[in-house]
Amino acid sequence: MPTLVSAAAAVARSRPQRLIDSRGLPTPALARLVRTYVESRLDELDDAHREFAFSVAAAHSVTAERAAELTGAADPEAALATLAAAGLLMDSPFDDPRTWRWPDAVRSCVLDISRREQPGRVDALLVELARAHRDAGRPAEASIYAVEAGDWETAVAIVEESWARMVDSSFDVLVKVLRQIPDQELGDHPSVQAGRALFTQMLDEHSILHASCPRIPTNSPSSGRHPAPRRPSTSRRCRP
């Protein structure tokens with residue numbers, strides 16, 4: 001059993017109470033457990049692999065080629081395998097190319113620690129990822145990375161230039177991005193302001209708006225389908 005799965009099972013057994021709230025977000029108790037877990041796993045790494053983890057955490061999922069671009073590592077596949085063995089990444093050997101993925105809660109903790117220990121480093125990498133996905137014609141992924149980097153100018157530009165496409169195929173991502181852009185960043189963008197008012201105020205009770213931030217699609221940029229309407233439920237997590 002992969003180290004990360006084994007660790008998650010141990011946490012679930014030790015905490016019989018609910019670990020996820022009604023919005024699909026970790027409870028404070030689970031968040032503390034995850035942080036303690038991540039910090040202990042990072043402390044077990046040598047300096048080189050710890051630095052590698054801080055940089056590669058910029059990407060939601062990563063291939064050896066992408067890891068090399070982010071870190072400059074000579075043997076990125078071996079380094080990724082080390083992080084998987086340490087219980088930080090999930091390995092997907094059946095993907096082509098082979099892909100490693102961060103659990104969202106683990107990645108969030110690593111990003112926080114990286115920002116604390118190396119201010120500005122990981123945010124610069126997030127900006128680069130936003131640019132790369134935008135240039136490759138993947139606005140949903142690009143907008144998520146731009147928001148994570150706090151690069152509001154790029155986030156707004158992506159929404160403006162890809163408005164129709166995101167409404168059609170990445171509506172959940174569009175709504176989350178619109179909700180996170182600060183008001184002061186929209187003063188010169190009335191169309192984006194109007195769109196946010198429509199999708200986040202008039203539809204504020206729709207279940208899709210209460211789900212956690214969507215994950216980057218890993219197999220294809222988008223499904224090309226409208227999200228199916230559904231009734232609100234106690235579990236409101238977005239589909240990957």
Side-chain angles (χ1 to χ4, degrees), residues 1-15 19-20 25-26 30-133 138 141-142 144-145 147-149 212-219 240:
M1 180 182 293
T3 304
L4 186 55
V5 175
S6 177
V11 169
R13 286 196 301 267
S14 67
R15 296 280 175 167
L19 299 176
I20 301 296
L25 300 175
L30 178 58
R32 288 192 296 270
L33 281 172
V34 172
R35 177 167 290 279
T36 299
Y37 170 84
V38 170
E39 289 175 344
S40 67
R41 298 292 173 158
L42 287 172
D43 288 344
E44 293 173 0
L45 299 174
D46 60 30
D47 289 344
H49 285 100
R50 185 180 174 90
E51 292 288 320
F52 180 85
F54 285 159
S55 294
V56 83
H60 287 256
S61 61
V62 63
T63 61
E65 180 180 3
R66 176 67 77 186
E69 295 171 355
L70 291 171
T71 67
D75 191 351
E77 186 164 349
L80 289 166
T82 296
L83 296 190
L88 292 168
L89 285 174
M90 287 293 294
D91 184 7
S92 301
F94 300 108
D95 288 340
D96 185 19
R98 189 174 184 177
T99 303
W100 288 258
R101 294 180 174 84
W102 291 98
D104 290 343
V106 172
R107 176 175 177 265
S108 179
C109 287
V110 176
L111 287 176
D112 287 345
I113 297 169
S114 178
R115 287 181 172 120
R116 186 171 67 242
E117 297 192 9
Q118 301 177 340
R121 166 66 177 165
V122 76
D123 289 314
L125 294 174
L126 289 167
V127 169
E128 286 301 309
L129 285 168
R131 179 196 57 76
H133 282 284
R138 296 188 288 266
E141 294 91 330
I144 291 173
Y145 282 124
V147 165
E148 290 181 338
S212 56
C213 193
R215 296 181 63 181
I216 296 282
T218 54
N219 295 325

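Predicted model only: the values in this text are computed from it and were never measured.
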Chemist: Nearest heavy-atom pair of Val127 and Ala149: which atoms, and what distance?
Modeler: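 It is CG2-CB, 3.8 Å.
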Chemist: With Cys109, which of Asp104, Val38, Thr36, Leu42 fulfils side chain to side chain contact (heavy atoms under 4.5 Å, CB included)?
Modeler: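 Exactly one option meets the side chain to side chain contact (heavy atoms under 4.5 Å, CB included) with Cys109, and it is Val38.
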Chemist: Applying salt bridge (charged side-chain N to carboxylate O under 4.0 Å, His left out), name anything that partners Arg121, two or more places apart in sequence or on another chain.
Modeler: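 Here no residue qualifies.
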Chemist: Specify the closest pair of heavy atoms between Val62 and Ala67, including all atoms of both residues, with the distance to one decimal.
Modeler: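 It is CG2-N, 3.4 Å.
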Chemist: Within the side chain of Ser55, is there an N or O that forms a donor-acceptor pair under 3.5 Å with the backbone of Phe52?
Modeler: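 A pair under 3.5 Å: no.
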Chemist: Side chains of Ile113 and Arg35: closer than 4.5 Å at any heavy-atom pair?
Modeler: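 Ile113 reaches Arg35 side chain to side chain.
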Chemist: List, one per line, each side-chain donor-acceptor pair under 3.5 Å for residues 72-89, sequence neighbours excluded.
Modeler:
{"from": "Asp75", "atom 1": "OD1", "to": "Ala78", "atom 2": "N", "distance (Å)": "3.3"}
{"from": "Glu77", "atom 1": "OE2", "to": "Arg98", "atom 2": "NH1", "distance (Å)": "3.4"}
{"from": "Thr82", "atom 1": "OG1", "to": "Ala78", "atom 2": "O", "distance (Å)": "3.1"}

Chemist: Check side chain to side chain donor-acceptor pair (under 3.5 Å) between Glu128 and all other residues, then give those that pass, not counting sequence neighbours.
Modeler: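 Checked Glu128 against side chain to side chain donor-acceptor pair (under 3.5 Å); matches are Arg131.
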Chemist: Carefully, step by step, assess His133 and Ile144 under the rule side chain to side chain contact (heavy atoms under 4.5 Å, CB included).
Modeler: CA-CA 10 Å; His133 282 284; Ile144 291 173; over 6 Å; no
Chemist: Suppose we screen for side chain to side chain donor-acceptor pair (under 3.5 Å). Which residues come up paired with Asp47, at least two apart in sequence or across chains?
Modeler: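 Not a single residue meets the side chain to side chain donor-acceptor pair (under 3.5 Å) criterion with Asp47.
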Chemist: Crowded around Glu65 CD? As in, over 12 foreign heavy atoms under 6.0 Å?
Modeler: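 12 or below, so no.
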Chemist: Roughly how far apart are Asp95 CG and Thr63 OG1, rounded to 0.5 Å?
Modeler: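 The distance works out to 10.5 Å.
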Chemist: Residues two or more places apart in sequence or in another chain: which of them pass side chain to side chain donor-acceptor pair (under 3.5 Å) with Arg107?
Modeler: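 Only His60, Glu148 meet the side chain to side chain donor-acceptor pair (under 3.5 Å) criterion with Arg107.
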Chemist: If every non-hydrogen atom of Ser61 is compared with every non-hydrogen atom of Thr99, which pair is closest and at what distance?
Modeler: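 So the minimum-distance heavy-atom pair works out to CB-CG2, 3.9 Å.
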Chemist: Glu117: what forms a side chain to side chain donor-acceptor pair (under 3.5 Å) with it, not counting sequence neighbours?
Modeler: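 Testing Glu117 for side chain to side chain donor-acceptor pair (under 3.5 Å), a comparison that skips the adjacent residues, returns Arg50.
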Chemist: Ignoring hydrogens, what is the shortest heavy-atom contact between Leu126 and Ala58? Give both atom names and the distance.
Modeler: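 Minimum heavy-atom contact is CD2-O, 3.2 Å.
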Chemist: Kindly give the heavy-atom pair with the smallest separation between Phe54 and Val122, and that separation in Å.
Modeler: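 Nearest heavy atoms, Phe54 then Val122: O-CG2, 3.8 Å.
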Chemist: Can you name the closest pair of heavy atoms from Ala57 and Leu111 and give their distance?
Modeler: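 What the structure gives for the nearest pair is O-CD2, 3.6 Å.
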Chemist: Out of curiosity, His49 NE2 to Thr71 OG1, how far, rounded to the nearest 0.5 Å?
Modeler: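 Answer rounded to 0.5 Å: 10.0 Å.
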